[in-house]
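Residue numbering restarts at 1 for every chain, and letters A, B, ... go by the order of the sequence lines.
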There are 2 protein chains.
Amino acid sequence: MIAAWERTIVPADPLVRRLSAFGSLGPAEIDLLRDAIQRPVSVASRFEVSTAAGKGRQALLLVSGWAARQRVLADGRRQIISFVLPGDFVSFSLHREPLRYASTVALTPAVVAEADMLLEACIAQDYATPLASTMRTVAAAEDALLAHQVTRLGRQTAYERMSHLLLELRERLSLAGIEPGDSFTLPIIQEMLADALGLSVVHTNRTLQQLRRDGLIRMSGMKVTLVDAAALAALSDYVPITRLVGRS
Amino acid sequence: MIAAWERTIVPADPLVRRLSAFGSLGPAEIDLLRDAIQRPVSVASRFEVSTAAGKGRQALLLVSGWAARQRVLADGRRQIISFVLPGDFVSFSLHREPLRYASTVALTPAVVAEADMLLEACIAQDYATPLASTMRTVAAAEDALLAHQVTRLGRQTAYERMSHLLLELRERLSLAGIEPGDSFTLPIIQEMLADALGLSVVHTNRTLQQLRRDGLIRMSGMKVTLVDAAALAALSDYVPITRLVGRS
DNA sequence: CGCCGGGTTGAATTATCTCAACCTGGGTGG
DNA sequence: CCACCCAGGTTGAGATAATTCAACCCGGCG
């Protein structure tokens with residue numbers, strides 16, 4: 001499998017699209033992005049991403065599939081810290097060694113690739129390049145998402161949390177150029193949603209049903225449609241990511 | 001007040017101590033730290049830190065007092081994202097403009113100071129200096145704390161959350177060289193604890209009482225004593241910060 | 001065919017919240 | 001100097017959100 005991938009052109013598009021949403025990139029930067037993504041490796045669902053990708057990588061990019069940063073308590077309770085979507089970095093810069101407090105696991109079959117060259121390109125010239133500037137904005141956006149996750153868990157009801165998360169996922173997929181619009185594929189089981197929202201599986205299920213009954217969302221199979229995104233945003237106090245970080 | 005402070009030697013000690021805990025600093029670095037902290041400003045309790053400090057600052061350090069990053073929902077519900085203790089950065093690098101998704105407010109009378117020079121010292125030489133390396137570790141530790149906050153809120157009971165938070169505060173104060181040992185001053189009212197833990201004030205109160213009744217903590221005035229830190233750590237699955245980030 | 005992962009449902013239980021009252025000590029104005 | 005006042009802590013009791021446990025259903029697949 002790895003061999004097969006290595007001969008394939010890696011789709012850098014999610015990354016390119018996402019970065020374009022956070023800063024203006026010229027053709028030179030885009031070429032650099034395409035070159036910087038190397039040695040893709042596929043990871044089976046539920047397996048740890050960094051183990052599969054090998055040690056020592058400084059920057060790891062999720063090319064396709066979904067993953068999650070998670071922390072597991074001693075008694076087995078699991079909390080998903082954040083979802084990692086295509087075009088997101090699994091890890092970036094800063095931390096040399098794998099972090100001990102959280103692991104990143106694939107939620108679906110996924111492909112990750114090294115992006116160390118990208119990291120180096122950012123460091124060059126004291127972080128003064130347009131690319132580095134864009135990456136800073138991306139980092140700020142990630143920070144904002146974490147702050148929102150904390151607020152969701154600490155101060156919102158199940159109904160609000162679910163609405164908020166669905167809106168976030170929709171926007172992030174949209175920014176990465178995957179499924180723009182009000183429908184998207186939710187390739188994860190309800191247990192994973194529950195672990196992200198700090199809820200039991202049963203209550204997650206009932207909350208989704210309530211949203212359906214209220215006509216706010218529609219679901220069929222893995223497809224979710226946000227029927228009334230405005231209402232979802234209003235009830236859950238959702239602020240679009242693009243309005244959180246300073247887009248010039 | 002500002003004038004008075006400007007003529008005073010600024011205590012850089014919390015910063016120095018904290019950084020020393022995350023990397024080895026030579027006398028040169030320590031001198032640099034002392035010089036880098038400039039123009040301290042005092043902030044009254046409940047006021048926003050960045051407003052008080054003036055705009056455009058890239059790196060802002062909390063010199064004394066407690067502060068908190070928080071997000072307030074439209075209906076007034078408040079969530080504290082993270083506590084900012086002496087020696088912590090209110091903001092650092094990355095974000096040029098003030099972030100729109102969270103504000104940092106003083107929880108007690110506090111003093112903040114600019115640390116832009118420190119930022120510049122880090123950027124120099126492509127982040128290859130010992131100081132930059134230490135700062136990277138500090139950033140990783142902050143990241144770990146946020147992951148823990150998410151896990152606390154999502155998957156722990158009130159009792160566990162409180163234990164976990166008290167242990168975290170104790171360790172952080174200890175690392176900054178403020179009140180090492182099992183006792184420390186908790187200069188905030190229960191409402192703020194509640195907003196950090198995602199609980200109501202009433203339940204926060206009762207949870208503290210329960211911990212006291214169980215002989216795990218003792219409180220008198222603002223002083224908290226962790227009577228049985230080991231038990232608290234065991235019940236709340238607490239992992240010391242120093243074990244989370246790669247201390248060499 | 002039969003199993004199994006994942007979704008759905010019901011009913012009892014529990015954690016936590018809300019509301020409302022009361023208490024306390026330190027500060028303040030008369 | 002005393003009476004009041006207020007922020008913050010504490011208590012009780014009823015209400016509610018969410019959990020747990022257990023069962024059942026369904027479609028895909030070996």
Specify the separation, in whole Å, of atom CG of D195(B) and atom P of dC17(C). 11 Å
Does this structure show an ion pair linking R152(A) with E168(A), if we count only N-O contacts that are shorter than 4.0 Å? yes
How long is the line joining NE2 of H203(A) and P of dA11(C), in whole Å? 17 Å
Take the protein atom CD of Q210(B) and the nucleotide atom C1' of dA15(C), then report the distance between them rounded to whole Å. 13 Å
With a 4.0 Å limit, can you tell me whether R212(B) has a side-chain N or O closer than that to the phosphate oxygens OP1/OP2 of dT10(D)? yes
Is the distance from OP1 or OP2 of dG9(D) to the nearest side-chain N or O of N205(B) less than 4.0 Å? no
Regarding R172(A) and E142(A), does a basic nitrogen lie under 4.0 Å from an acidic carboxylate oxygen? no
What's the CZ-C1' distance between R155(B) and dA18(D), to the nearest Å? 11 Å
Only one of I217(A), D214(A), V227(A) forms a side chain to side chain contact (heavy atoms under 4.5 Å, CB included) with L232(A), so which one is it? I217(A)
Taking only side-chain nitrogens and oxygens of Q209(B), does any of them come within less than 4.0 Å of OP1 or OP2 of dT11(D)? yes
Donor-acceptor pair under 3.5 Å, R206(B) side chain vs dG9(D) base: no
Please report the closest heavy-atom contact between L15(B) and G87(B), naming both atoms and the distance. CD1-O, 3.7 Å
If you pin V202(A) and R161(B) to their nearest nucleotides in DNA chain C, which one's is more 5'? V202(A)
dG5(C) OP1/OP2 closer than 4.0 Å to side-chain N/O of Q190(A): no
